[in-house]
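Right, one structure below, let's go through it.
By convention here, the first residue in the shown sequence is residue 1.
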Amino acid sequence: MVQIEVRLPDAVFDAIEASAVALGHSREEIVQRALERYLEDFGDLAGSARRFRDPDD
């Protein structure tokens, strides 16, 4: 597994921390899940955009 370092605005960090506490998960797990969902959504949107621009679709 790869480890990365990011800088976040205080408000984003606070929201991650609050979510982790409320859900009983680690900050790492909250960030991993959020990124996974973002990338899934991005992939879906990118595919839709390609089909929308394809005149043969």
- [ ] Examine Tyr38 and Ile30 and state if one hydrophobic cluster contains both, with Ile, Leu, Val, Met, Phe, Trp and Tyr joined whenever side-chain heavy atoms are less than 4.5 Å apart.
- [x] no
Task: Ile4-Leu39 co-clustered via ILVMFWY side chain contacts under 4.5 Å - done: no
- [ ] Tell me, please, which residues at least two apart from Leu35 pass side-chain contact (heavy atoms from CB on, under 4.5 Å).
- [x] Val31
Which atom pairs, donor and acceptor, lie under 3.5 Å between side-chain atoms of residues 10-25 and protein residues at least two apart or in another chain?
unit_1: Glu17; atom_1: OE1; unit_2: Arg27; atom_2: NH1; d: 2.9
unit_1: Ser19; atom_1: OG; unit_2: Ala15; atom_2: O; d: 2.9
unit_1: His25; atom_1: ND1; unit_2: Glu29; atom_2: OE1; d: 3.1

TODO: Check the pair Met1 / Gln32 against side chain to side chain contact (heavy atoms under 4.5 Å, CB included), numbers first and verdict last.
DONE: CA-CA 12 Å; Met1 184 176 291; Gln32 283 177 339; 3.8 Å; yes
